[in-house]
Novice: 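Right, I'll just put the structure down here and ask away after.
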Amino acid sequence: MGISIFWVVKQRHRESEFIVLNQYFGIGMMCLVVVYREVLCCFCLNLTVAIDTIRSSQSINDTEYIISNGSAFKLGFFSPANSTNRYLGIWYNNISVFTVIWVANRQKPLKDSSGILTISKEGNLVVLNGQAEIFWSSNVSNSVTNSSATLGDFGNLVLQVDTTGLVLWESFQHPSDSFLPKMKLSTNLRTDQRAQLTSWKSPSDPSIGSFSLGIDALNIPEVFVWKEGHPYWRSGPWNGQVFLGIPNWNPVYRTRFTVVDDKQGAVFETFTESDVLHLPHFVLGSQGNVVRTYWDDGKKDWEVVHLIPEDECDVYGTCNAFGNCDSLSSPICSCLRGFEPKIIKEWNRGNWTGGCVRRTPLQCERMNNSIEEGKADGFLKLEKIKVPDFAECLNVNKEDCQKQCLEKCSCVAYGYYTGIGCLSWSGNLIDLRQFSVGGSDIYIRLANLEFEKERNLKVIITITVTIGAIAIASTAFFFWRWMAKKKRAMKSKSNESLLFDYLNDVKLQELPIFNLEELATATNNFDLANKLGQGGYGPVYKGKLQNGQEIAVKRLSRASGQGLEEFMNEVALISKLQHRNLVRLLGCCVEEEEKILIYEYMPNKSLDAIVFAVICLLNMQCGGYFQINQMSLVLACYY
Ligand SMILES: *[C@@H]1O[C@H](CO)[C@@H](O)[C@H](O)[C@H]1NC(C)=O
Ligand SMILES: *[C@@H]1O[C@H](CO)[C@@H](O)[C@H](O)[C@H]1NC(C)=O
Ligand SMILES: *[C@@H]1O[C@H](CO)[C@@H](O)[C@H](O)[C@H]1NC(C)=O
């Protein structure tokens, strides 16, 4: 039974069926598939058209498709989301998210499912409807007898002459909105042939939208996105390794491009083969945005990296003539130095369309008008710049680059770039932007007067700064004198009075001051036998005052690095935290090199701990406490 169905299939597709089965399913699988075919119709579809080539006189109808050798891509009819129109397209075969990378009859959708793809008598690939009207054609002019079209495993559909293998047409030369590995965008100036991406009108309409992406090879190769044929974004010139205008791009995709300038035009390619596993591709969105996507097998979805436009300044010519765009400043547009807004009112309103104009005419312009001669023009260096559009290559070395520019009155800027050489600009400087990192230098031509203005400004600034510096220096000197005097005065006071100065400062009152001798007696000269333990800042000793009161003495070690000020702060803090139920700070001692805190001694350590914990819990104001050995101390109470 299974065999007979298989036979029917085989009849329909002749030898191609065998190729497929041998290549993809193997003999064991073949039986399995054949058995399933009786039950599940979708399997028959998969099987019947699992070929990668369509030959003369063969055709594919709306329900059939061909699959690339290796099964990465599929060619067939589809409807975009929210649309009933039928299109012939190529999409990824092995992933769960339906993703079309190429569409044939974009401009002429089929309204029903009568469409077929076939090879015409002239050897062209054609999409026909039920009435055999041509909806799309590969449009190869020379007629050939037998040709065939093969879907390659990189997603390229290639139409070839059977006998010679001559390539007549390939979909990679006529891309839609997706740029895939192995694809090349090209501009051939001699034949005026271009391979460029064109956006869809909308996600549900693959017809040609407003945006296109391609390579411009007129001067130095550069990638452009055009909107209705006008520049919308540009990459900046190619220097042989990278595009100068995209320093912020992740080097991973910045360095994978190749541009071949073969003097007939330029070719732009990307991706290394190792990438291909993640199905990387660029997509030109219907809003002119360019994203790089790759398949995340864990997420079972596309990972999308937004590339263009990065910000407002990325949009071509945002600030117009002689404007510099800096997305980090507000407003983003400013006129280059030596230039002013053409229409100040509009510019101040944030309408940059007028651009900027030169404030002081160049010397050569003035000479032409024979008004005056004056000094030679100069150049202002700007750094971290996306160089403007319309650069011209000058075939001179670095030293002569400026000289060449100066000699031509029309030259308004120049720069010398590794891998490119000397570039010069004339006319308006358009699409210049400021980067915070990366970017290139450019030298802007300005009238000498502009530099004189700057020099005058510099003199004023210098004078101001000098006067200011003298004032600051003398103030500092007198302050230092005063401080030194005060220091001497303070030194002559006893440490005790110094402490009182501090205590007054922190508004502490009535904290008794112990003297060192008293404490030495109380602790038997800080005898080790009296040592309760070692705290963070130094050892703690048990002592007994002459009046019989037991105390804990925290002797701050010199090694603790605590200065007098920090120590006093601690005293202030702890004494503020006094509470009748808690361990009390009885006083402190600052004498010679010693800094000592004296606490009430609580003999029963474990009881302390419980009591303090309970007190802290009961007291709404207590944020926590900690214990220093047997001397418990609540620190974090708010009063
Ligand atoms: C095919 O070529 C003709 C004329 O050369 C042109 O009018 C037509 O738009 C082309 N069709 C396609 C699908 O490129
Ligand atoms: C074209 O292909 C058919 C079979 O598909 C064959 O009979 C014919 O001889 C071929 N013609 C040429 C010129 O190769
Ligand atoms: C912006 O300024 C230009 C003149 O530079 C003017 O023609 C245009 O109408 C202005 N646009 C808006 C939105 O105000």
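Side-chain atoms are counted along with the backbone in the values below, which use heavy atoms only and exclude waters and symmetry mates. Keep in mind that what you see is a predicted model, and the values were worked out from it rather than measured.
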Novice: Is there a donor-acceptor pair closer than 3.5 Å between any side-chain N or O of Q58 and the backbone N or O of R55?
Specialist: yes
Novice: Nearest 0.5 Å, what's the CG-OH distance between L279 and Y294?
Specialist: 12.0 Å
Novice: Check the orientation of F179 and F282. Use parallel for under 30°, tilted for 30 to 60°, and perpendicular for over 60°.
Specialist: tilted
Novice: Strictly distance-based, threshold 3.5 Å: is any side-chain N or O of Q160 a donor or acceptor partner for the main-chain N or O of G165?
Specialist: yes
Novice: Does a donor on one side chain sit under 3.5 Å from an acceptor on the other, for D177 and S199?
Specialist: no
Novice: Which residue, N69, I66, D52, forms the side-chain contact (heavy atoms from CB on, under 4.5 Å) with T150?
Specialist: D52
Novice: Go through the steps to decide whether S114 and N129 satisfy the test side-chain hydrogen bond (donor to acceptor under 3.5 Å, both in side chains), and finish with yes or no.
Specialist: CA-CA 5 Å; S114 69; N129 70 354; 5.4 Å; no
Novice: If we count only N and O atoms by modelled type, under 3.5 Å, do the side chains of T198 and R106 hold a donor and an acceptor together?
Specialist: yes
Novice: Above 12 or not: heavy atoms from other molecules or residues under 6.0 Å from CG of N348?
Specialist: yes
Novice: Using side-chain contact (heavy atoms from CB on, under 4.5 Å), reason through H281 and M183 one step at a time and then give a plain yes or no.
Specialist: CA-CA 10 Å; H281 62 287; M183 206 182 236; over 6 Å; no
Novice: Tell me if a side-chain donor or acceptor on D153 pairs with a main-chain N or O of A72 at a distance below 3.5 Å.
Specialist: yes
Novice: Once rounded to the nearest 0.5 Å, what's the spacing between atom CZ of F73 and atom CG of N93?
Specialist: 9.5 Å
Novice: Is the distance between the ring centroids of W238 and F243 under 6.0 Å?
Specialist: yes
Novice: Is the closest side-chain donor-acceptor distance between S138 and N124 under 3.5 Å?
Specialist: yes
Novice: F135 ring centre to K108 NZ or CZ under 6.0 Å, with the angle to the axis within 45°?
Specialist: yes
Novice: Name the residue from I442, L244, D431 that meets the side-chain contact (heavy atoms from CB on, under 4.5 Å) definition with K386.
Specialist: D431
Novice: Is it the case that atom NZ in K300 sees more than 12 heavy atoms from other parts of the structure closer than 6.0 Å?
Specialist: yes
Novice: Side chains of S235 and E222: donor-acceptor distance under 3.5 Å anywhere?
Specialist: no
Novice: One pair to check against side-chain contact (heavy atoms from CB on, under 4.5 Å): W347 and W352. What are the steps and the verdict?
Specialist: CA-CA 5 Å; W347 187 269; W352 325 114; 3.7 Å; yes
Novice: May I have the step-by-step check of side-chain hydrogen bond (donor to acceptor under 3.5 Å, both in side chains) for D326 and Q434, ending in yes or no?
Specialist: CA-CA 5 Å; D326 184 354; Q434 186 70 51; over 6 Å; no
Novice: When you check the side-chain N and O atoms of S327 and D311, is any donor under 3.5 Å from an acceptor?
Specialist: yes
Novice: Under 3.5 Å, is there a donor-acceptor pair between the S79 and R86 side chains?
Specialist: yes
Novice: Which value, rounded to the nearest 0.5 Å, describes the distance between S178 atom OG and W200 atom CH2?
Specialist: 8.0 Å
Novice: In sequence, state the C-alpha distance, the side-chain angles, and the governing distance for C313 and C319, and then conclude on disulfide bond (SG atoms under 2.5 Å apart).
Specialist: CA-CA 8 Å; C313 290; C319 299; 5.7 Å; no
Novice: Between Y92 and W302, how do the two ring planes meet: parallel, tilted or perpendicular, split at 30° and 60°?
Specialist: tilted
Novice: For the pair V291 and L307, evaluate side-chain contact (heavy atoms from CB on, under 4.5 Å) and give the outcome as yes or no after the intermediate values.
Specialist: CA-CA 5 Å; V291 295; L307 295 179; over 6 Å; no
Novice: Quick one: CG on L328 to OG on S436, what's the gap to the nearest 0.5 Å?
Specialist: 5.0 Å
Novice: Is it true that a side-chain atom of T187 and a backbone atom of I215 form a donor plus acceptor pair closer than 3.5 Å?
Specialist: yes
Novice: Is there a side-chain contact (heavy atoms from CB on, under 4.5 Å) between W295 and V97 once you walk through the steps?
Specialist: CA-CA 10 Å; W295 183 252; V97 179; 3.7 Å; yes
Novice: Taking atom CD as the centre, does E312 end up with more than 12 heavy-atom neighbours from other residues, nucleotides or ligands that are less than 6.0 angstrom away?
Specialist: no
Novice: To the closest 0.5 Å, what do you measure between CD1 (I119) and OG (S56)?
Specialist: 5.0 Å
Novice: May I ask you to decide if the ring planes of F224 and Y316 are parallel, tilted or perpendicular, using 30° and 60° as cut-offs?
Specialist: tilted
Novice: Please say which of N320, N324, V387 ends up in a side-chain contact (heavy atoms from CB on, under 4.5 Å) with L432.
Specialist: N324
Novice: Strictly under 6.0 Å, is that where the ring centroids of F172 and F154 end up?
Specialist: no
